Amino acid sequence: KPKMNKNDNIHTLSVILNGCLPYEYDQKLTDNETTLAITKEGSDLTMYVSTDVNNGDDFIVTYGRDDPTMGYYTTYETFRWTTEDEQIPLDTILKDIMSCL
């Protein structure tokens, strides 16, 4: 089975979320297009999603608060979206985004 380039998964997720997230959510690729930053209008929290370096089919998800005045990011939680039967359920991803932000 051919393996996708690890960055392809993050691009695919970005395209899918662009069509599925409600209008008050925004997402953009950062860190040389290896990380997806997701924000919600009116929230000071940010969710960062990147592919797992050990398993390019899984994603590492971190969310927390940026504090530009202090110059750092406070992490509230880090978790994984693990592939199940080679596909992470979209409803799980959307539910996590909406409940964290």
Side-chain angles (χ1 to χ4, degrees):
K1 165 181 156 189
K3 194 80 168 141
M4 286 177 65
N5 174 312
K6 289 183 181 184
N7 291 345
D8 288 350
N9 287 343
I10 202 75
H11 286 93
T12 301
L13 181 61
S14 176
V15 169
I16 291 169
L17 291 179
N18 191 44
C20 293
L21 284 173
Y23 75 92
E24 65 266 20
Y25 291 84
D26 188 35
Q27 52 91 24
K28 65 180 177 188
L29 288 165
T30 63
D31 294 332
N32 214 15
E33 297 196 354
T34 61
T35 302
L36 191 58
I38 305 169
T39 55
K40 181 182 178 188
E41 193 175 285
S43 172
D44 59 353
L45 299 174
T46 303
M47 177 180 277
Y48 293 99
V49 182
S50 57
T51 51
D52 182 344
V53 294
N54 297 316
N55 179 358
D57 294 331
D58 292 351
F59 294 98
I60 304 295
V61 183
T62 302
Y63 74 93
R65 178 170 280 120
D66 277 317
D67 189 342
T69 59
M70 302 298 271
Y72 61 84
Y73 178 79
T74 302
T75 300
Y76 292 125
E77 187 177 0
T78 299
F79 56 94
R80 302 172 70 82
W81 287 328
T82 305
T83 53
E84 299 166 13
D85 299 323
E86 299 187 27
Q87 186 172 358
I88 303 165
L90 183 58
D91 59 339
T92 299
I93 292 172
L94 293 173
K95 185 182 79 166
D96 285 347
I97 292 169
M98 291 179 196
S99 67
C100 291
L101 299 179

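Worth saying up front: this structure is predicted, and the values here are computed from it rather than measured.
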Do Leu45 and Met47 belong together in a cluster built from hydrophobic side chains that touch within less than 4.5 Å?
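Yes, same cluster.
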If hydrophobic clusters are built by linking Ile, Leu, Val, Met, Phe, Trp and Tyr wherever their side-chain heavy atoms come under 4.5 Å apart, do Ile97 and Leu29 end up in the same one?
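Ile97 and Leu29: one cluster.
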Quick one: pull up OG1 in Thr75 and CZ in Arg65 and give me the separation to the nearest 0.5 Å.
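Going from OG1 on Thr75 over to CZ on Arg65, the span is 12.0 Å.
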Rounded to the nearest 0.5 Å, what separates atom CG in Leu94 from atom CG in Leu21?
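Between atom CG of Leu94 and atom CG of Leu21 there are 6.0 Å.
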Any [X] side-chain heavy atom under 4.5 Å of [Y] side chain:
| X | Y | value |
| --- | --- | --- |
| Ile16 | Leu90 | yes |
| Leu36 | Leu13 | yes |
| Arg80 | Val61 | no |
| Phe59 | Thr82 | no |
| Met98 | Tyr25 | yes |

Over all heavy atoms of both residues, which pair between [X] and [Y] is shortest? Give the atoms and the distance, please.
| X | Y | result |
| --- | --- | --- |
| Ser50 | Ile10 | CA-CD1, 4.0 Å |
| Ile93 | Trp81 | CG2-CH2, 3.5 Å |
| Leu17 | Ile38 | CD1-CD1, 3.9 Å |

Measure the acute angle between the ring planes of Tyr63 and Tyr76, then classify it against the limits of 30° and 60° as parallel, tilted or perpendicular.
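Tyr63 and Tyr76: tilted rings.
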Test log, rule side chain to side chain contact (heavy atoms under 4.5 Å, CB included), inputs Phe79 and Asp96
CA-CA 10 Å; Phe79 56 94; Asp96 285 347; 3.5 Å; yes
Any donor and acceptor pair, going by atom type alone, linking the side chain of Ser43 with main-chain N or O of Lys40 inside 3.5 Å?
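It does not hold such a pair.
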Measure from the side-chain N and O atoms of Asp31 to the backbone N and O of Glu33, and report whether any donor-acceptor pair falls under 3.5 Å.
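The answer is no, because no donor-acceptor pair under 3.5 Å joins these two groups.
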Between Glu77 and Thr62, is there a side-chain donor-acceptor contact under 3.5 Å, judged purely by atom types and distance?
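No, no side-chain donor-acceptor contact under 3.5 Å.
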Sort out for me which residue in Asp52, Asp58, Thr51 forms a side chain to side chain contact (heavy atoms under 4.5 Å, CB included) with Asn54.
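Only one of Asp52, Asp58, Thr51 forms a side chain to side chain contact (heavy atoms under 4.5 Å, CB included) with Asn54, namely Asp52.
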